[in-house]
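The block underneath contains the structure these notes are about, expressed in structure tokens.
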Amino acid sequence: MTLRTRLCDLLGIEHPIVQSGMGGVAGPDLVAEVSRAGGLGIVAALHLTADQVRDAIRRVRAATDRPFGVNQFMPDSLRPPTDPASIPERTVAEVQGTLNGFRERLGLPTTTARPAAVPDLVDAAFEVILEERVPVWSIGLGNPSAEQVKRAHARGIKVMAMVTTVEDARTVERAGVDVIVAQGAEAGGHRSTWVKRRTADEACVGTVALVPQVVDAVGVPVVAAGGIADGRGLVAALALGAAGVLLGTRFVATREATAPEFQKKALLESEAEATVVTDAITGLWARYLRNTYTTEYDASGAPVFPALVQSRAAQDIFAHAAKQADRAWFPMPTGQSVGLIRDLPGAADVVAKIVGEAHEVLERLARLAD
Ligand SMILES: Cc1cc2nc3c(=O)[nH]c(=O)nc-3n(C[C@H](O)[C@H](O)[C@H](O)COP(=O)(O)O)c2cc1C
């Protein structure tokens, strides 16, 4: 059974189902499994050096000859990353003061040090994507230049950019991207804006409202993201004019995802209202499972460091939580679809099940229309 849309024809995939490139979650095993099943798997390049990106690409290619993508997380504030020396002394004191309260409770050494710089990885990884002629270059939180898109196209690479507003959709279309992912407010992980908005609810339009507005505004295929985890969501997205869906949270709860097992278990046990949009984890707005860290940091009123500097500063706390399998202090990017996820299948089963469910929904709807 297939559900061919123009996204399938454009990318050479069987089913209009895209697995999001997810930092810390989407490695070669997950990607190869989704692509082998006829969807589009996307490797997360976040935090990877150029050599690691090349290695991941080669591992996917060793496992499948189907199309796949590589995702770059590229907000303006990472190009280049903020110099920690530019952070005011008072901000350092307030952030470390809040984190030290957590460290004391966890038995970790406290510090008042200025955080380390975030490595500048985006441009080098992009060169590897070009050299390796990856089938799809996927962009999160980024505004690619027309020049970058041209360089990708010259190597036969399709470009997919994720946005949260109609205006941003128009901007990336002008740069020449081939596919636009419309990310609704329900989505897990970062809000896909290249400049951080002032508040958590700016650029936070729900998927059902956002997708048709983006579809009306641009000429390229639109992929719906945020809140979709089953065949009902796929059909709903197609009804809104999307040519496919991109799923993150659903694929975190799969056997091949590299998220820790305690994180996967937390997803299976959480309801839709268990998430919160906060900048306390990375410094940028993102939706996570609410836990002691997010609740208490947000309540502290402390400022946050710039993009990814915040997560580097809190790394000792997150690493300790990972070691203890302690979900109270570990960051778990998760969308509102979490309440739909109650099993831990293989990623290929997820793709097949969504396609099967979509067909059932379409048959049910066809009977309604008689
Ligand atoms: C665990 C996790 C990690 C993510 N990491 C990235 C990332 O590295 N780059 C990116 O562009 N988007 C990332 N996202 C956001 C997804 O691209 C996507 O917008 C979102 O997952 C869709 O909503 P859903 O989670 O409801 O399916 C991540 C999402 C999750 C849940």
Side-chain angles (χ1 to χ4, degrees), residues 17-27 30-31 34 39-48 53 56 69-75 78 121-122 125 136-144 159-164 172 179-194 203-208 210-211 223-230 233-234 236-237 242 244-254 257-260 263-264 266-267 270 272 274-275 277 281-282 284-289 307-308 311 330-341 347 350 354:
I17 299 172
V18 180
Q19 161 256 310
S20 157
M22 294 178 281
V25 173
L30 176 60
V31 172
V34 171
L40 184 80
I42 301 184
V43 173
L46 178 63
H47 304 311
L48 300 190
V53 173
V70 175
N71 172 266
Q72 289 205 277
F73 179 98
M74 38 186 271
L78 281 185
L121 301 172
V122 174
V136 178
W137 177 37
S138 146
I139 299 154
L141 293 79
N143 181 16
V159 183
M160 176 186 285
M162 185 162 67
V163 298
T164 60
V172 296
V179 177
I180 294 175
V181 181
Q183 187 203 42
E186 300 93 320
H190 286 86
R191 308 298 311 137
S192 196
T193 61
W194 44 87
C204 235
V205 179
T207 303
V208 169
L210 178 68
V211 169
V223 169
I228 300 163
D230 59 21
L234 169 55
V245 289
L246 177 142
L247 283 65
T249 303
R250 172 63 271 190
F251 283 109
V252 177
T254 59
T258 54
Q263 178 177 348
K264 296 180 186 179
L267 262 56
S270 296
T275 71
V277 177
I281 289 174
T282 64
L284 297 174
W285 299 116
R287 188 179 291 283
Y288 288 86
L289 275 190
L308 304 190
S311 32
F330 189 73
M332 297 174 285
T334 306
Q336 294 176 339
S337 65
V338 66
L340 287 168
I341 298 168
V350 169
I354 291 175

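Just so you know, ligand 1 is whichever comes first in the structure, and atom 1 is the first atom listed for that ligand.
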Quick one: which of Ser20, Ser337, Ala229 has a heavy atom closest to atom 17 (O) of ligand 1?
Ser20

Pairs of nitrogen or oxygen atoms closer than 3.5 Å, one from Gly227 and one from ligand 1: do any exist?
yes

Ignoring hydrogens and geometry beyond distance, is a side-chain donor-acceptor pair present between Thr275 and Arg287 at under 3.5 Å?
yes

Between CD1 on residue Ile180 and CE on residue Met162, distance to nearest 0.5 Å:
12.5 Å

Purely on distance, is any nitrogen or oxygen of Val25 under 3.5 Å from one on ligand 1?
no

So CG of Leu121 and CG of Leu48: to nearest 0.5 Å the spacing works out to 8.0 Å

Find the distance between CD1 (Ile354) and CG (Leu234) and round it off to the nearest 0.5 Å.
7.0 Å

Sub-3.5 Å N/O-N/O distance, Pro333 and ligand 1:
no

With nothing but distance in play, are any N or O atoms of Thr334 less than 3.5 Å from an N or O of ligand 1?
no

Ligand 1 N/O within reach of His190 N/O, cut-off under 3.5 Å:
no

Heavy-atom contacts with Leu247 under 4.0 Å: which atoms of ligand 1 show up? List them by number with element.
27 (O)

Specify the protein heavy atom at minimum distance from atom 18 (C) of ligand 1: its residue, its atom name, and the distance to 0.1 Å.
Leu246 CD2, 3.6 Å

Less than 3.5 Å between some nitrogen or oxygen of Gly23 and one of ligand 1, yes or no?
yes

Output all residues satisfying ring-ring contact (aromatic ring centres under 6.0 Å, His included) with Tyr288, sequence neighbours left out; order by chain, then residue number.
none

Under 4.0 Å from one or more heavy atoms of Gly140, ligand 1 contributes atoms 11 (O)

To which protein heavy atom is atom 21 (O) of ligand 1 closest, and what is the distance rounded to 0.1 Å?
Gly248 CA, 3.2 Å

Output the distance between atom OG1 (Thr193) and atom CG (Leu284), rounded to the nearest 0.5 Å.
7.5 Å

With heavy-atom distances below 4.0 Å as the criterion, list the atoms of ligand 1 near Gly226.
22 (C), 23 (O), 26 (O)

Partner set under side chain to side chain contact (heavy atoms under 4.5 Å, CB included) for Thr254, not counting sequence neighbours
Leu30, Phe251, Glu256, Ala257, Ala347, Val350

Atom 25 (O) of ligand 1 - nearest protein heavy atom and its distance
Thr249 OG1, 2.6 Å

Please report the interatomic distance CD1(Ile228) to OG1(Thr207), rounded to the nearest 0.5 Å.
6.0 Å

Atom 13 (C) of ligand 1: which protein heavy atom is closest, and how many Å away?
Gly21 O, 3.5 Å

Ranked by distance from atom 15 (C) of ligand 1, the top protein heavy atom is Gly188 O, 3.3 Å

Regarding atom 12 (N) of ligand 1: of the candidates Gln72, Met162, Met22, which has the closest heavy atom?
Met162

Got a second to check how far Asp230's CG is from Arg250's CZ, nearest 0.5 Å?
9.0 Å

Pick out which of Ile341, Leu289, Val252 makes a side-chain contact (heavy atoms from CB on, under 4.5 Å) with Thr334.
Leu289

Is the backbone of His190 close enough, under 3.5 Å, to the side chain of Gln183 for a donor and an acceptor to pair up by distance?
yes

N/O to N/O below 3.5 Å, does that happen between Asn71 and ligand 1?
yes

In this structure, does ligand 1 have an atom that sits under 4.0 Å from one of the heavy atoms of Gln183?
yes

